[in-house]
Amino acid sequence: MLAIAEVDQALARLDADRGEIAANLAELEHHPGVRFLDEVPPTGVSAARWAAARARLDRLWAELRMFEGVVAQAHRIRARPGAPELTELLRCRRAHELLHSTPCDLAAATGAVTEYQRAITEKTA
């Protein structure tokens, strides 16, 4: 079980990671090459390759939004009066660790996020 100080440190790390990921994705999105390919779509083999790369980039944005939702929920849990539900925060941390492992086991990370979301949904229902 984590101590409150450890929970706060973990949340601070999650916030820092979120900011860094968002900044990196924004930098990539605004790269002149990416902007050019979005504005002047290639043809042939290049079109297929760019479509696959664009799909991966879009998936990264979707995963960032999912991660942001998990972190926001962790902050809401931590802000509740009384003892925070550390089990929920641990689920959030597990999802974060899986999303940021190298290489990322996307199936395991998705499962951890889904488990966390299910627990939150059941608790609020």
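In what follows, every heavy atom counts, from backbone to side chain, and hydrogens, waters and symmetry copies are set aside.
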Rounded to the nearest 0.5 Å, how far apart are [atom1] of [X] and [atom2] of [Y]?
X   : Y   : atom1 : atom2 : value
F67 : I21 : CZ    : CD1   : 5.0 Å
E63 : L25 : CD    : CG    : 9.5 Å
L60 : R65 : CG    : CZ    : 10.5 Å

Under 4.5 Å between any side-chain heavy atoms of [X] and [Y], yes or no?
X   : Y   : value
H31 : F36 : no
L14 : H75 : no
V45 : W50 : no
V71 : D17 : no

- Message: Does this structure show an ion pair linking R54 with D58, if we count only N-O contacts that are shorter than 4.0 Å?
- Response: yes
Give me the atom names and distance for the closest heavy-atom approach of [X] to [Y].
X   : Y   : result
R18 : E68 : NH1-OE2, 3.2 Å
A47 : P42 : CB-O, 3.2 Å
V34 : L28 : CG2-O, 3.4 Å

